[in-house]
Amino acid sequence: MKFKIIFITVIFILVFSGFMLYGRYISTNGLVTKEYKIVSKKLDKKYHGLKIVHISDLHYGSTIFEKELDKIVSEINLINPDIVVFTGDLFKTGDIFDLNLSNISNRLKNINTKIGKYSIMGNHDYENLSSYKKVIKDSNFTDLNDSYELVYKDSSKPILIAGLSTNLFGTLSLKDKTNPIIEFIDVTDTTYNILLMHEPDFLTDFDYGIFDLVLAGHSHNGQVRLPIIGALYTPFGSKKYYTEYYKLNNTDLYISSGLGTSLFNLRFFNKPSFNYYRLTNY
């Protein structure tokens, strides 16, 4: 009986150790490009085929370092995107004083686009706000926190890209953030409206229907997933909306599974990835 207990214990330890090693060293490696076709009759035909790359939750310093970031940038540039958006959490959890910010910004600077690069901050970026702002500026991203920009491509009718900063920190209410954007859209003739936000659960706390496409992060789609069961845990702010895609009335919501890791440097059945959208009007 004693031998049986010892045998079962050893087997359990070996299996558990195997899963942990897989989650840390295998499942966090590699890079997946998730490609989506987004059809909208609203889209001006001049924007047909517009390519958007969506990256999120880099958490640099967790499982993403120089080598991994170089690979990400290279894969993005192979797509030759029109627009690249980043939906927050640039840094790892906690103290980032050991990170070389220039290494990050110099690599992100190498991302090439035809129109532009846009960013918002996530909850972990708020903890390191000055460092976030420096990297974003130095890497030639436009900081869209609680702001918006009109972009054009072969058309006089623009696409609007708006951004919301993390809703888990800060002094501005969600109403204060969204009202100026919504009021601008109401008086502007745009062909398509895109919103960047970090925590997707806050989407239903304002009139999101004015946006055709919402891109978010934060959930990692469940950093640890199991077959059939799906995500075992998602953080506050992504309890309701956490998986890859939702159709909310006429609004498309896509949530990135992210690139790095948060809290624990583990992934299960959820490789690091970025999203690639091709917008069409048919």
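If you read the sequence from its start, that first residue is 1, and numbering goes on from there. FYI, side chains are in, hydrogens and waters are out, and symmetry mates aren't considered; it's all heavy atoms of this structure. Since this is a predicted model, take the numbers as computed values, not measurements.
- In summary, the side chains of Lys177 and Asn167 do present a donor paired with an acceptor at a separation below 3.5 Å, with no hydrogens or angles considered.
- Contact of the Tyr192 side chain with the Ser40 side chain is registered, since non-hydrogen atoms from C-beta on lie closer than 4.5 Å.
- Tracing side-chain contacts under 4.5 Å through hydrophobic residues (I, L, V, M, F, W, Y), one reaches Tyr245 starting from Tyr276; they form part of the same cluster.
- In the displayed structure, Lys157 atom NZ is contacted under 6.0 Å by more than 12 heavy atoms of other residues, nucleotides or ligands.
- Under a 3.5 Å cut-off, the side chain of Tyr241 and the backbone N or O of Gly237 do not form any donor-acceptor pair.
- There is a side-chain donor-acceptor pair under 3.5 Å between Tyr277 and Asn275.
- The environment of Lys134 atom NZ is sparse: at most 12 non-hydrogen atoms of other residues, nucleotides or ligands sit within 6.0 angstrom.
- Under a 3.5 Å cut-off, the side chain of Gln223 and the backbone N or O of His220 do not form any donor-acceptor pair.
- Checked by atom type and distance alone, the side chain of Arg107 never pairs as donor or acceptor with a backbone atom of Ser102 at under 3.5 Å.
- At least one donor-acceptor pair under 3.5 Å links the side chain of Ser62 to the backbone N or O of Thr261.
- Asp201 places a side-chain N or O within donor-acceptor distance of the main-chain N or O of Ser238, the cut-off being under 3.5 Å.
- A donor-acceptor pair under 3.5 Å is absent between the side-chain atoms of Ser74 and the main chain of Asp70, judged by distance alone.
- The main-chain N or O of Leu172 is never found under 3.5 Å from a side-chain atom of Asp176 such that the two would form a donor-acceptor pair.
- A donor and an acceptor atom, one from each side chain of Tyr36 and Asp252, are nowhere located under 3.5 Å apart.
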task = Check the pair His218 / Asp57 against side-chain hydrogen bond (donor to acceptor under 3.5 Å, both in side chains), numbers first and verdict last.
result = CA-CA 7 Å; His218 192 54; Asp57 298 274; 5.2 Å; no

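- Judged purely by atom type and a 3.5 angstrom limit, Tyr132 uses its side chain to pair as donor or acceptor with the backbone of Ile120.
- By the 30° and 60° cut-offs, the orientation of the rings of Tyr282 relative to His48 is parallel.
- Judged purely by atom type and a 3.5 angstrom limit, Asp125 uses its side chain to pair as donor or acceptor with the backbone of Asp89.
- At most 12 heavy atoms of other shown residues, nucleotides or ligands fall within 6.0 angstrom of atom CZ in Phe264.
- Crowding of Lys137 atom NZ: a count of heavy atoms from other residues, nucleotides or ligands under 6.0 Å not exceeding 12.
- Placement of Leu226 and Val32 in two distinct hydrophobic clusters is found when ILVMFWY residues are connected by side-chain heavy-atom separations under 4.5 Å, directly or transitively.
- Side-chain N/O atoms of Ser273 and Ser257 include a donor and acceptor closer than 3.5 Å.
- Judged purely by atom type and a 3.5 angstrom limit, Thr190 has no side-chain atom pairing as donor or acceptor with the backbone of Ile159.
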